There are 2 protein chains.
Amino acid sequence: MFTLSEENYLKTIYHLGLNSEIGVSTNEIAKKMQTKASSVTDMIKKLSDKNLVVYKKYKGVRITDFGRNTAANIVRKHRLWEVFLVEKLNFSWDEVHEVAEQLEHIKSPKLINELDALLGFPKQDPHGDPIPDKEGNYYPLEKKLLATLGIGEKGICVGVNDSSSSFLQFLDKQKIALGNEIKVLGKEPFDDSIQIQIANRELSISNKIANNLYIKILQGS
Amino acid sequence: MFTLSEENYLKTIYHLGLNSEIGVSTNEIAKKMQTKASSVTDMIKKLSDKNLVVYKKYKGVRITDFGRNTAANIVRKHRLWEVFLVEKLNFSWDEVHEVAEQLEHIKSPKLINELDALLGFPKQDPHGDPIPDKEGNYYPLEKKLLATLGIGEKGICVGVNDSSSSFLQFLDKQKIALGNEIKVLGKEPFDDSIQIQIANRELSISNKIANNLYIKILQGS
DNA sequence: TTATTATTTTAGATAAGACTAAAAATTAAT
DNA sequence: ATTAATTTTTAGTCTTATCTAAAATAATAA
Ligand SMILES: [Mn+2]
Ligand SMILES: [Mn+2]
Ligand SMILES: [Mn+2]
Ligand SMILES: [Mn+2]
(Lines give C-alpha, C1' and ligand atoms only; values in the text may rest on other atoms or scores of the structure.)
(Ligands and ions follow the chains in the order given, each with its own letter.)
Protein backbone atom coordinates (compact mmCIF):
# COMPACT_ATOMS: atom_id res chain seq x y z
CA MET A 1 0.00 0.00 0.00
CA PHE A 2 1.04 3.58 -0.54
CA THR A 3 1.07 6.64 1.66
CA LEU A 4 -1.14 9.66 1.15
CA SER A 5 1.80 11.65 -0.21
CA GLU A 6 2.89 8.91 -2.56
CA GLU A 7 -0.62 8.65 -3.96
CA ASN A 8 -0.86 12.40 -4.49
CA TYR A 9 2.48 12.62 -6.27
CA LEU A 10 1.66 9.60 -8.40
CA LYS A 11 -1.68 11.07 -9.43
CA THR A 12 -0.01 14.33 -10.45
CA ILE A 13 2.60 12.51 -12.49
CA TYR A 14 -0.13 10.46 -14.14
CA HIS A 15 -2.09 13.55 -15.16
CA LEU A 16 0.95 15.49 -16.34
CA GLY A 17 2.20 12.57 -18.42
CA LEU A 18 -1.11 11.81 -20.13
CA ASN A 19 -0.61 13.94 -23.21
CA SER A 20 3.12 13.80 -23.67
CA GLU A 21 5.65 11.28 -24.90
CA ILE A 22 8.60 12.47 -22.88
CA GLY A 23 9.11 12.28 -19.14
CA VAL A 24 7.53 14.59 -16.60
CA SER A 25 9.97 17.15 -15.20
CA THR A 26 10.66 17.76 -11.55
CA ASN A 27 9.71 21.41 -11.84
CA GLU A 28 6.38 20.62 -13.50
CA ILE A 29 5.48 18.34 -10.63
CA ALA A 30 6.64 20.87 -8.04
CA LYS A 31 4.55 23.61 -9.62
CA LYS A 32 1.42 21.48 -9.81
CA MET A 33 1.80 20.23 -6.24
CA GLN A 34 2.72 23.62 -4.82
CA THR A 35 5.88 22.26 -3.32
CA LYS A 36 9.62 22.58 -3.88
CA ALA A 37 11.67 20.77 -6.52
CA SER A 38 13.87 19.25 -3.84
CA SER A 39 10.86 17.65 -2.19
CA VAL A 40 9.85 16.24 -5.55
CA THR A 41 13.28 14.69 -6.09
CA ASP A 42 13.05 12.99 -2.70
CA MET A 43 9.62 11.60 -3.48
CA ILE A 44 10.29 10.35 -6.99
CA LYS A 45 13.12 8.27 -5.58
CA LYS A 46 10.60 6.60 -3.30
CA LEU A 47 8.12 6.10 -6.13
CA SER A 48 10.91 4.64 -8.21
CA ASP A 49 11.89 2.23 -5.42
CA LYS A 50 8.29 1.02 -5.46
CA ASN A 51 8.29 0.58 -9.24
CA LEU A 52 5.58 3.17 -9.79
CA VAL A 53 7.81 5.33 -12.00
CA VAL A 54 11.10 5.07 -13.88
CA TYR A 55 13.50 7.75 -12.79
CA LYS A 56 16.74 8.85 -14.43
CA LYS A 57 18.58 11.72 -12.78
CA TYR A 58 18.01 15.04 -14.51
CA LYS A 59 15.74 13.33 -17.06
CA GLY A 60 12.39 13.47 -15.29
CA VAL A 61 10.11 10.51 -14.57
CA ARG A 62 7.88 8.23 -16.62
CA ILE A 63 5.07 6.31 -15.06
CA THR A 64 5.21 2.50 -15.29
CA ASP A 65 2.27 0.27 -16.25
CA PHE A 66 1.90 -0.58 -12.58
CA GLY A 67 2.01 3.11 -11.67
CA ARG A 68 -0.54 4.00 -14.33
CA ASN A 69 -2.88 1.34 -13.06
CA THR A 70 -2.49 2.48 -9.49
CA ALA A 71 -3.06 6.11 -10.48
CA ALA A 72 -6.10 5.29 -12.60
CA ASN A 73 -7.63 3.56 -9.61
CA ILE A 74 -7.19 6.68 -7.50
CA VAL A 75 -8.72 8.78 -10.28
CA ARG A 76 -11.57 6.28 -10.50
CA LYS A 77 -12.25 6.73 -6.80
CA HIS A 78 -12.00 10.53 -7.02
CA ARG A 79 -14.51 10.76 -9.84
CA LEU A 80 -16.96 8.22 -8.44
CA TRP A 81 -17.02 10.10 -5.15
CA GLU A 82 -17.66 13.33 -7.05
CA VAL A 83 -20.66 11.73 -8.73
CA PHE A 84 -21.89 10.47 -5.37
CA LEU A 85 -21.61 13.91 -3.79
CA VAL A 86 -23.59 15.54 -6.60
CA GLU A 87 -26.15 12.79 -7.19
CA LYS A 88 -26.82 11.67 -3.64
CA LEU A 89 -25.72 14.44 -1.31
CA ASN A 90 -26.86 17.60 -3.09
CA PHE A 91 -23.39 19.03 -3.63
CA SER A 92 -22.98 21.36 -6.58
CA TRP A 93 -20.25 20.62 -9.10
CA ASP A 94 -18.01 23.36 -7.77
CA GLU A 95 -18.05 21.95 -4.21
CA VAL A 96 -16.99 18.37 -4.81
CA HIS A 97 -13.32 18.48 -5.65
CA GLU A 98 -11.84 19.17 -2.22
CA VAL A 99 -13.87 16.47 -0.51
CA ALA A 100 -13.08 14.00 -3.30
CA GLU A 101 -9.39 14.76 -2.76
CA GLN A 102 -9.82 13.27 0.71
CA LEU A 103 -12.16 10.43 -0.19
CA GLU A 104 -9.98 9.15 -3.05
CA HIS A 105 -7.49 7.78 -0.50
CA ILE A 106 -9.93 5.49 1.32
CA LYS A 107 -8.79 1.89 0.91
CA SER A 108 -11.58 -0.62 0.29
CA PRO A 109 -12.17 -2.29 -3.06
CA LYS A 110 -15.64 -3.38 -1.97
CA LEU A 111 -16.55 0.18 -1.01
CA ILE A 112 -15.68 1.60 -4.38
CA ASN A 113 -17.25 -1.15 -6.44
CA GLU A 114 -20.49 -0.99 -4.45
CA LEU A 115 -20.46 2.79 -4.79
CA ASP A 116 -20.07 2.35 -8.54
CA ALA A 117 -23.13 0.08 -8.55
CA LEU A 118 -25.17 2.43 -6.32
CA LEU A 119 -24.52 5.21 -8.82
CA GLY A 120 -25.46 3.05 -11.81
CA PHE A 121 -21.93 2.66 -13.19
CA PRO A 122 -21.51 6.24 -14.40
CA LYS A 123 -19.09 6.85 -17.27
CA GLN A 124 -18.39 10.54 -16.56
CA ASP A 125 -17.95 12.64 -13.44
CA PRO A 126 -19.81 15.93 -12.83
CA HIS A 127 -17.21 17.82 -14.89
CA GLY A 128 -17.49 15.50 -17.89
CA ASP A 129 -14.25 13.66 -17.14
CA PRO A 130 -14.21 9.91 -17.85
CA ILE A 131 -14.32 7.42 -14.97
CA PRO A 132 -11.83 4.53 -15.34
CA ASP A 133 -13.22 1.03 -14.79
CA LYS A 134 -11.77 -1.51 -12.32
CA GLU A 135 -8.98 -2.32 -14.77
CA GLY A 136 -8.05 1.33 -15.19
CA ASN A 137 -9.46 1.62 -18.72
CA TYR A 138 -11.67 4.48 -19.82
CA TYR A 139 -13.03 5.83 -23.05
CA PRO A 140 -12.75 9.58 -23.44
CA LEU A 141 -15.55 11.23 -25.37
CA GLU A 142 -14.71 12.82 -28.68
CA LYS A 143 -14.88 16.44 -27.81
CA LYS A 144 -13.55 19.80 -28.98
CA LEU A 145 -13.02 23.09 -27.23
CA LEU A 146 -15.84 25.52 -27.97
CA ALA A 147 -13.22 28.01 -29.14
CA THR A 148 -12.29 25.71 -32.02
CA LEU A 149 -15.79 25.42 -33.50
CA GLY A 150 -16.69 27.25 -36.71
CA ILE A 151 -19.69 29.48 -37.26
CA GLY A 152 -22.86 27.44 -37.65
CA GLU A 153 -21.45 24.33 -35.91
CA LYS A 154 -23.43 22.99 -33.00
CA GLY A 155 -22.97 20.38 -30.30
CA ILE A 156 -23.61 19.32 -26.75
CA CYS A 157 -21.70 20.78 -23.86
CA VAL A 158 -19.99 17.73 -22.33
CA GLY A 159 -17.14 18.92 -20.17
CA VAL A 160 -14.96 21.62 -18.71
CA ASN A 161 -11.24 22.08 -19.06
CA ASP A 162 -10.93 24.20 -15.92
CA SER A 163 -12.66 22.79 -12.84
CA SER A 164 -12.04 25.77 -10.56
CA SER A 165 -14.91 26.97 -8.41
CA SER A 166 -14.86 30.39 -9.98
CA PHE A 167 -15.27 29.02 -13.52
CA LEU A 168 -17.95 26.51 -12.52
CA GLN A 169 -19.88 29.16 -10.61
CA PHE A 170 -19.65 31.46 -13.60
CA LEU A 171 -21.20 28.76 -15.78
CA ASP A 172 -23.98 28.27 -13.21
CA LYS A 173 -24.66 32.00 -13.23
CA GLN A 174 -24.85 32.03 -17.04
CA LYS A 175 -27.05 28.91 -16.91
CA ILE A 176 -24.60 26.92 -18.98
CA ALA A 177 -24.69 23.27 -17.93
CA LEU A 178 -23.41 19.95 -19.22
CA GLY A 179 -25.97 18.48 -21.58
CA ASN A 180 -26.98 21.83 -23.04
CA GLU A 181 -27.00 22.21 -26.81
CA ILE A 182 -24.80 25.05 -28.02
CA LYS A 183 -24.64 26.58 -31.51
CA VAL A 184 -21.99 29.03 -32.69
CA LEU A 185 -23.70 32.09 -34.20
CA GLY A 186 -20.66 34.27 -34.78
CA LYS A 187 -17.07 34.99 -33.86
CA GLU A 188 -15.64 38.44 -33.18
CA PRO A 189 -12.04 38.71 -34.52
CA PHE A 190 -11.26 41.82 -32.44
CA ASP A 191 -11.33 40.02 -29.06
CA ASP A 192 -11.93 36.41 -30.17
CA SER A 193 -15.25 36.38 -28.35
CA ILE A 194 -17.92 34.00 -29.57
CA GLN A 195 -21.65 34.49 -29.98
CA ILE A 196 -23.59 31.37 -29.12
CA GLN A 197 -27.14 30.17 -28.90
CA ILE A 198 -27.95 28.05 -25.87
CA ALA A 199 -31.45 26.95 -24.79
CA ASN A 200 -33.19 29.67 -26.78
CA ARG A 201 -30.91 32.38 -25.42
CA GLU A 202 -28.16 34.25 -27.21
CA LEU A 203 -24.94 34.93 -25.38
CA SER A 204 -21.54 36.44 -26.02
CA ILE A 205 -18.72 34.47 -24.49
CA SER A 206 -15.09 35.50 -24.04
CA ASN A 207 -12.29 33.51 -25.59
CA LYS A 208 -11.11 32.40 -22.16
CA ILE A 209 -14.49 30.83 -21.45
CA ALA A 210 -14.65 29.22 -24.88
CA ASN A 211 -11.26 27.67 -24.29
CA ASN A 212 -12.48 25.89 -21.18
CA LEU A 213 -15.73 24.36 -22.45
CA TYR A 214 -15.76 21.02 -24.24
CA ILE A 215 -18.37 20.34 -26.91
CA LYS A 216 -19.35 17.07 -28.52
CA ILE A 217 -20.08 17.92 -32.13
CA LEU A 218 -23.51 16.93 -33.44
CA GLN A 219 -23.21 15.25 -36.82
CA GLY A 220 -24.76 17.21 -39.69
CA SER A 221 -24.44 20.62 -38.13
CA MET B 1 -7.90 21.08 12.64
CA PHE B 2 -6.35 17.96 14.07
CA THR B 3 -4.08 15.29 12.65
CA LEU B 4 -5.14 11.71 12.06
CA SER B 5 -3.17 10.58 15.10
CA GLU B 6 -4.56 13.27 17.34
CA GLU B 7 -8.09 12.31 16.34
CA ASN B 8 -7.46 8.63 17.02
CA TYR B 9 -5.95 9.24 20.43
CA LEU B 10 -8.75 11.63 21.35
CA LYS B 11 -11.40 9.13 20.33
CA THR B 12 -9.79 6.44 22.47
CA ILE B 13 -9.59 8.75 25.47
CA TYR B 14 -13.24 9.69 24.93
CA HIS B 15 -14.36 6.07 24.90
CA LEU B 16 -12.20 5.02 27.86
CA GLY B 17 -13.39 7.96 29.94
CA LEU B 18 -17.11 7.50 29.26
CA ASN B 19 -17.93 5.31 32.25
CA SER B 20 -15.47 6.53 34.83
CA GLU B 21 -15.07 9.55 37.04
CA ILE B 22 -11.32 9.52 37.29
CA GLY B 23 -8.75 10.25 34.59
CA VAL B 24 -7.73 7.84 31.87
CA SER B 25 -4.30 6.31 32.46
CA THR B 26 -1.41 6.32 30.05
CA ASN B 27 -1.19 2.54 30.08
CA GLU B 28 -4.90 2.11 29.35
CA ILE B 29 -4.54 4.29 26.28
CA ALA B 30 -1.36 2.53 25.18
CA LYS B 31 -3.03 -0.86 25.47
CA LYS B 32 -6.12 0.17 23.53
CA MET B 33 -4.10 1.86 20.80
CA GLN B 34 -1.53 -0.92 20.56
CA THR B 35 1.32 1.51 21.11
CA LYS B 36 3.84 2.29 23.81
CA ALA B 37 3.25 4.33 26.96
CA SER B 38 6.00 6.74 26.00
CA SER B 39 4.25 7.49 22.72
CA VAL B 40 1.06 8.15 24.63
CA THR B 41 2.80 10.60 26.96
CA ASP B 42 4.12 12.51 23.95
CA MET B 43 0.71 12.68 22.36
CA ILE B 44 -1.27 13.71 25.43
CA LYS B 45 1.04 16.69 25.79
CA LYS B 46 0.03 17.74 22.30
CA LEU B 47 -3.66 17.18 23.01
CA SER B 48 -3.27 19.18 26.19
CA ASP B 49 -1.61 22.05 24.30
CA LYS B 50 -4.67 22.09 22.06
CA ASN B 51 -7.06 22.12 25.02
CA LEU B 52 -8.61 18.79 24.12
CA VAL B 53 -7.61 17.19 27.42
CA VAL B 54 -6.37 18.23 30.85
CA TYR B 55 -3.12 16.53 31.70
CA LYS B 56 -1.36 16.30 35.03
CA LYS B 57 1.86 14.33 35.13
CA TYR B 58 1.42 10.84 36.52
CA LYS B 59 -2.30 11.51 37.00
CA GLY B 60 -3.69 10.53 33.62
CA VAL B 61 -5.85 12.70 31.39
CA ARG B 62 -9.43 13.94 31.45
CA ILE B 63 -11.17 15.09 28.34
CA THR B 64 -12.36 18.73 28.21
CA ASP B 65 -15.80 19.86 26.99
CA PHE B 66 -14.13 20.93 23.77
CA GLY B 67 -12.40 17.57 23.49
CA ARG B 68 -15.61 15.67 24.19
CA ASN B 69 -17.41 17.63 21.51
CA THR B 70 -14.64 17.03 19.01
CA ALA B 71 -14.55 13.32 19.83
CA ALA B 72 -18.34 12.97 19.64
CA ASN B 73 -18.22 14.45 16.17
CA ILE B 74 -15.70 11.83 15.06
CA VAL B 75 -17.85 9.10 16.59
CA ARG B 76 -20.87 10.60 14.82
CA LYS B 77 -19.05 10.33 11.51
CA HIS B 78 -17.86 6.79 12.22
CA ARG B 79 -21.34 5.53 13.02
CA LEU B 80 -23.11 7.34 10.19
CA TRP B 81 -20.63 5.88 7.72
CA GLU B 82 -21.28 2.42 9.20
CA VAL B 83 -24.99 2.87 8.60
CA PHE B 84 -24.30 4.04 5.06
CA LEU B 85 -22.14 1.02 4.30
CA VAL B 86 -24.78 -1.40 5.55
CA GLU B 87 -27.88 0.37 4.23
CA LYS B 88 -26.63 1.61 0.88
CA LEU B 89 -23.58 -0.45 -0.06
CA ASN B 90 -24.56 -3.99 1.00
CA PHE B 91 -21.85 -4.35 3.64
CA SER B 92 -22.58 -6.74 6.49
CA TRP B 93 -22.24 -5.46 10.03
CA ASP B 94 -18.96 -7.26 10.56
CA GLU B 95 -17.31 -5.59 7.56
CA VAL B 96 -17.94 -1.94 8.29
CA HIS B 97 -15.64 -1.02 11.16
CA GLU B 98 -12.30 -0.89 9.35
CA VAL B 99 -13.63 1.24 6.52
CA ALA B 100 -15.42 3.54 8.97
CA GLU B 101 -12.10 3.98 10.79
CA GLN B 102 -10.83 5.62 7.61
CA LEU B 103 -13.97 7.52 6.67
CA GLU B 104 -14.41 9.10 10.11
CA HIS B 105 -11.46 11.41 9.41
CA ILE B 106 -12.88 13.02 6.27
CA LYS B 107 -13.35 16.74 6.89
CA SER B 108 -16.55 18.23 5.50
CA PRO B 109 -19.49 19.31 7.65
CA LYS B 110 -21.76 19.40 4.62
CA LEU B 111 -20.81 15.86 3.68
CA ILE B 112 -21.74 14.42 7.04
CA ASN B 113 -24.96 16.35 7.47
CA GLU B 114 -26.15 15.42 3.99
CA LEU B 115 -25.19 11.83 4.65
CA ASP B 116 -27.26 11.97 7.84
CA ALA B 117 -30.24 13.20 5.79
CA LEU B 118 -29.75 10.59 3.06
CA LEU B 119 -29.91 7.89 5.72
CA GLY B 120 -33.02 9.37 7.35
CA PHE B 121 -31.30 10.65 10.51
CA PRO B 122 -30.63 7.25 12.07
CA LYS B 123 -30.33 7.12 15.87
CA GLN B 124 -28.28 3.90 16.07
CA ASP B 125 -25.49 2.35 14.07
CA PRO B 126 -25.53 -1.27 12.81
CA HIS B 127 -24.24 -2.49 16.18
CA GLY B 128 -26.91 -0.66 18.17
CA ASP B 129 -24.60 2.13 19.31
CA PRO B 130 -26.10 5.62 19.51
CA ILE B 131 -25.24 8.25 16.89
CA PRO B 132 -24.47 11.69 18.36
CA ASP B 133 -26.22 14.66 16.75
CA LYS B 134 -24.46 17.75 15.36
CA GLU B 135 -24.06 19.10 18.90
CA GLY B 136 -22.52 15.87 20.15
CA ASN B 137 -25.57 14.83 22.16
CA TYR B 138 -27.01 11.34 22.04
CA TYR B 139 -29.53 9.35 23.97
CA PRO B 140 -28.43 5.83 24.83
CA LEU B 141 -31.18 3.24 24.90
CA GLU B 142 -32.02 1.66 28.20
CA LYS B 143 -30.56 -1.75 27.78
CA LYS B 144 -29.26 -4.65 29.84
CA LEU B 145 -26.86 -7.46 29.09
CA LEU B 146 -28.71 -10.66 28.25
CA ALA B 147 -26.71 -12.38 31.00
CA THR B 148 -28.38 -10.21 33.63
CA LEU B 149 -31.98 -11.11 32.71
CA GLY B 150 -34.00 -13.42 34.92
CA ILE B 151 -35.92 -16.47 33.79
CA GLY B 152 -39.14 -15.49 32.05
CA GLU B 153 -37.96 -11.98 31.17
CA LYS B 154 -38.12 -10.99 27.53
CA GLY B 155 -36.95 -8.12 25.40
CA ILE B 156 -35.64 -6.95 22.06
CA CYS B 157 -32.06 -7.48 21.02
CA VAL B 158 -30.77 -3.92 20.50
CA GLY B 159 -27.00 -4.00 20.56
CA VAL B 160 -23.70 -5.79 20.96
CA ASN B 161 -20.97 -5.17 23.49
CA ASP B 162 -18.26 -6.80 21.38
CA SER B 163 -18.15 -5.67 17.75
CA SER B 164 -15.48 -8.10 16.61
CA SER B 165 -15.99 -9.85 13.30
CA SER B 166 -15.89 -13.26 14.94
CA PHE B 167 -18.69 -12.42 17.37
CA LEU B 168 -20.86 -10.73 14.74
CA GLN B 169 -20.38 -13.63 12.34
CA PHE B 170 -21.30 -16.04 15.11
CA LEU B 171 -24.57 -14.14 15.65
CA ASP B 172 -25.26 -14.25 11.91
CA LYS B 173 -24.68 -17.99 11.91
CA GLN B 174 -27.06 -18.46 14.85
CA LYS B 175 -29.56 -16.13 13.13
CA ILE B 176 -29.54 -13.71 16.02
CA ALA B 177 -30.06 -10.17 14.76
CA LEU B 178 -30.84 -6.76 16.21
CA GLY B 179 -34.60 -6.35 16.45
CA ASN B 180 -35.24 -9.99 17.35
CA GLU B 181 -37.37 -10.71 20.41
CA ILE B 182 -35.62 -12.88 22.95
CA LYS B 183 -37.10 -14.63 25.99
CA VAL B 184 -35.09 -16.28 28.73
CA LEU B 185 -36.36 -19.83 29.24
CA GLY B 186 -33.80 -21.06 31.72
CA LYS B 187 -30.34 -20.62 33.19
CA GLU B 188 -27.86 -23.42 33.84
CA PRO B 189 -25.87 -22.77 37.06
CA PHE B 190 -23.16 -25.28 36.16
CA ASP B 191 -21.72 -23.27 33.25
CA ASP B 192 -23.89 -20.12 33.43
CA SER B 193 -25.29 -20.86 30.00
CA ILE B 194 -28.74 -19.51 29.14
CA GLN B 195 -31.64 -21.12 27.32
CA ILE B 196 -33.50 -18.63 25.17
CA GLN B 197 -36.37 -18.51 22.77
CA ILE B 198 -35.80 -16.43 19.67
CA ALA B 199 -38.12 -16.31 16.64
CA ASN B 200 -39.81 -19.63 17.47
CA ARG B 201 -36.50 -21.37 17.97
CA GLU B 202 -34.95 -22.54 21.22
CA LEU B 203 -31.25 -22.06 21.74
CA SER B 204 -28.63 -22.55 24.41
CA ILE B 205 -26.19 -19.69 24.67
CA SER B 206 -22.90 -19.55 26.54
CA ASN B 207 -22.29 -17.00 29.25
CA LYS B 208 -19.70 -15.27 27.10
CA ILE B 209 -22.27 -14.69 24.38
CA ALA B 210 -24.90 -13.55 26.87
CA ASN B 211 -22.46 -11.00 28.25
CA ASN B 212 -22.05 -9.38 24.85
CA LEU B 213 -25.67 -9.00 23.78
CA TYR B 214 -27.75 -6.01 24.86
CA ILE B 215 -31.50 -6.39 25.39
CA LYS B 216 -34.16 -3.74 25.75
CA ILE B 217 -36.60 -5.09 28.32
CA LEU B 218 -40.21 -5.29 27.24
CA GLN B 219 -42.51 -3.95 29.95
CA GLY B 220 -44.79 -6.49 31.53
CA SER B 221 -42.64 -9.50 30.89
C1' DT C 1 7.94 2.46 57.19
C1' DT C 2 10.88 0.80 54.08
C1' DA C 3 11.54 -2.06 50.13
C1' DT C 4 9.79 -3.89 45.98
C1' DT C 5 7.05 -3.58 41.93
C1' DA C 6 4.45 -1.22 38.54
C1' DT C 7 3.52 2.89 36.06
C1' DT C 8 4.80 6.97 33.86
C1' DT C 9 7.97 10.23 32.06
C1' DT C 10 12.30 11.70 29.91
C1' DA C 11 16.19 11.27 26.82
C1' DG C 12 17.80 10.00 22.67
C1' DA C 13 17.09 7.55 17.88
C1' DT C 14 14.68 6.68 13.66
C1' DA C 15 11.72 7.42 9.50
C1' DA C 16 8.63 10.19 6.47
C1' DG C 17 7.91 14.35 4.40
C1' DA C 18 8.75 18.93 4.04
C1' DC C 19 12.03 23.07 3.71
C1' DT C 20 16.52 26.24 2.54
C1' DA C 21 20.88 26.86 0.65
C1' DA C 22 24.47 25.28 -2.10
C1' DA C 23 26.42 22.25 -5.63
C1' DA C 24 26.01 19.83 -10.01
C1' DA C 25 24.12 19.04 -14.50
C1' DT C 26 21.62 20.54 -18.40
C1' DT C 27 20.01 23.95 -21.67
C1' DA C 28 20.19 28.37 -23.93
C1' DA C 29 22.63 32.35 -25.50
C1' DT C 30 26.42 34.73 -27.12
C1' DA D 1 32.78 26.71 -27.82
C1' DT D 2 32.43 29.24 -23.87
C1' DT D 3 29.58 31.64 -20.89
C1' DA D 4 25.25 32.46 -18.66
C1' DA D 5 20.81 30.99 -17.13
C1' DT D 6 17.85 27.40 -15.73
C1' DT D 7 16.86 23.07 -13.83
C1' DT D 8 17.77 19.43 -10.81
C1' DT D 9 20.05 17.20 -7.13
C1' DT D 10 22.40 16.99 -2.68
C1' DA D 11 23.32 18.24 2.08
C1' DG D 12 21.61 19.56 6.14
C1' DT D 13 17.58 21.10 9.17
C1' DC D 14 12.80 20.78 11.03
C1' DT D 15 8.33 18.62 12.54
C1' DT D 16 5.39 14.70 13.56
C1' DA D 17 4.90 10.32 15.23
C1' DT D 18 7.01 6.41 16.48
C1' DC D 19 10.35 3.41 19.31
C1' DT D 20 13.90 1.67 23.22
C1' DA D 21 16.25 2.30 27.38
C1' DA D 22 16.81 4.65 31.49
C1' DA D 23 15.17 7.67 35.18
C1' DA D 24 11.47 9.33 38.11
C1' DT D 25 7.27 8.78 40.51
C1' DA D 26 3.43 6.23 42.51
C1' DA D 27 1.39 2.10 44.33
C1' DT D 28 1.83 -2.20 46.88
C1' DA D 29 3.76 -5.45 50.07
C1' DA D 30 6.60 -6.91 53.70
MN1 LIG E 1 -11.92 16.72 -8.95
MN1 LIG F 1 -14.01 16.03 -11.64
MN1 LIG G 1 -17.06 0.74 14.44
MN1 LIG H 1 -20.44 0.51 15.30
Side-chain angles (χ1 to χ4, degrees), chain A residues 1-14 16-17 20-63 67 70-71 74 101-102 104-107, chain B residues 1-14 16-17 20-63 67 70-71 74 101-102 104-107:
Chain A
M1 252 345 96
F2 307 106
T3 69
L4 185 80
S5 260
E6 287 168 346
E7 289 194 349
N8 282 331
Y9 273 97
L10 183 66
K11 193 166 52 113
T12 297
I13 293 167
Y14 169 78
L16 289 175
S20 88
E21 302 300 304
I22 58 169
V24 181
S25 81
T26 303
N27 257 4
E28 260 183 293
I29 299 167
K31 192 175 178 185
K32 195 67 157 246
M33 303 217 38
Q34 314 222 67
T35 184
K36 297 297 148 94
S38 55
S39 306
V40 173
T41 303
D42 284 347
M43 181 54 82
I44 58 189
K45 286 175 185 168
K46 291 171 197 162
L47 297 181
S48 176
D49 288 345
K50 299 190 175 187
N51 298 310
L52 293 164
V53 300
V54 175
Y55 168 53
K56 282 201 200 100
K57 268 192 196 179
Y58 294 99
K59 298 294 180 184
V61 286
R62 304 200 60 167
I63 202 162
T70 304
I74 301 169
E101 283 292 311
Q102 299 178 60
E104 71 188 3
H105 302 289
I106 303 291
K107 269 95 176 166
Chain B
M1 251 346 94
F2 307 107
T3 68
L4 186 79
S5 262
E6 287 168 346
E7 290 194 348
N8 282 332
Y9 274 96
L10 183 67
K11 193 166 51 113
T12 297
I13 293 167
Y14 169 78
L16 289 175
S20 87
E21 302 300 304
I22 59 168
V24 181
S25 81
T26 303
N27 258 4
E28 259 184 293
I29 299 167
K31 192 175 179 185
K32 195 68 157 244
M33 302 215 40
Q34 315 221 68
T35 184
K36 298 297 149 91
S38 56
S39 305
V40 174
T41 302
D42 283 346
M43 181 54 81
I44 59 189
K45 286 176 184 168
K46 290 173 197 161
L47 297 182
S48 176
D49 288 344
K50 298 190 176 187
N51 298 310
L52 294 164
V53 301
V54 176
Y55 168 53
K56 283 201 199 99
K57 268 193 197 178
Y58 294 99
K59 298 294 180 185
V61 287
R62 305 199 60 166
I63 202 161
T70 304
I74 301 169
E101 283 292 311
Q102 299 177 60
E104 71 187 3
H105 302 289
I106 302 292
K107 269 94 176 166

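Predicted model, so just to flag it, every value in this text is computed and none were measured. Chain identifiers are assigned alphabetically (A, B, ...) following the order of the sequence lines, protein sequences preceding nucleic acid strands; residue numbering begins at 1 within each chain.
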**Integer-rounded Å distance: D:dT20 P and B:Lys36 NZ** = 4 Å

**Asked** NZ of A:Lys107: more than 12 outside heavy atoms within 6.0 angstrom?
**Response** yes

**Prompt:** When all nucleic acid strands are considered with a 4.0 Å heavy-atom cut-off, which category describes B:Lys59: base, sugar-phosphate, or nothing?
**Reply:** nothing

**Message:** If you only use heavy atoms from C-beta on, which nucleotide in D:dC19, D:dT8, D:dA17 is closest to the side chain of A:Thr26?
**Reply:** D:dT8

**Asked** For A:Lys32, does the NZ atom sit with more than 12 other heavy atoms under 6.0 Å from it, leaving out its own atoms?
**Response** no

**Prompt:** Does B:Glu21 offer a backbone N or O that forms a donor-acceptor pair with the side chain of B:Arg62 under 3.5 Å?
**Reply:** yes

**Message:** Using a 4.0 Å cut-off to any heavy atom of chain B, which nucleotides of DNA chain C are the first and last in contact, reading 5' to 3'?
**Reply:** C:dT7 to C:dT10

**Fill in**
note: B:Lys56, atom NZ; D:dA26, atom P; distance rounded to Å ~ 13 Å

**Message:** Rounding to an integer number of Å, can you tell me how far B:Tyr55 OH sits from D:dT25 P?
**Reply:** 12 Å

**Message:** Please determine whether a side-chain nitrogen or oxygen atom of B:Thr3 lies at a distance below 4.0 Å from atom OP1 or OP2 of D:dA17.
**Reply:** yes

**Item:** d(CD, B:Glu6; P, D:dT18) in whole Å
**Value:** 10 Å

**Asked** Is atom CG of B:Leu4 surrounded by more than 12 heavy atoms (other residues, nucleotides or ligands) closer than 6.0 Å?
**Response** yes

**Asked** Reckon A:Ser38 touches a base, only the sugar-phosphate, or nothing at all at heavy-atom distances under 4.0 Å?
**Response** base

**Item:** Spatial distance of atom CE (B:Met43) from atom CG (B:Asn8) [nearest 0.5 Å]
**Value:** 9.0 Å

**Asked** Using a cut-off of less than 4.0 Å, is there contact between a side-chain N or O of A:Thr41 and OP1 or OP2 of D:dT9?
**Response** yes

**Request:** Report the distance from atom NZ of A:Lys46 to atom C1' of D:dT10, rounded to the nearest whole Å.
**Result:** 15 Å

**Item:** B:Glu6/B:Lys46 ion pair, N-O < 4.0 Å
**Value:** no

**Item:** Most 5' of A:Leu4 and A:Tyr58 on DNA chain C, judged by nearest nucleotide
**Value:** A:Leu4

**Request:** Report the distance from atom CG of B:Asp49 to atom C1' of D:dT16, rounded to the nearest whole Å.
**Result:** 14 Å

**Prompt:** Hey, is the side chain of A:Asn27 poking within less than 4.0 Å of OP1 or OP2 on D:dT8, counting only N and O atoms?
**Reply:** yes

**Atom-pair distance (CE on A:Met43; C1' on D:dT8), nearest Å** = 17 Å

**Request:** For the residue pair B:Val40 and B:Ile44, establish whether any side-chain heavy-atom pair is separated by less than 4.5 Å.
**Result:** yes

**Asked** Any idea which of D:dT10, D:dT8, D:dT9 is nearest the A:Ser25 side chain?
**Response** D:dT8

**B:Asp42 CG - D:dC19 P separation (whole Å)** = 10 Å

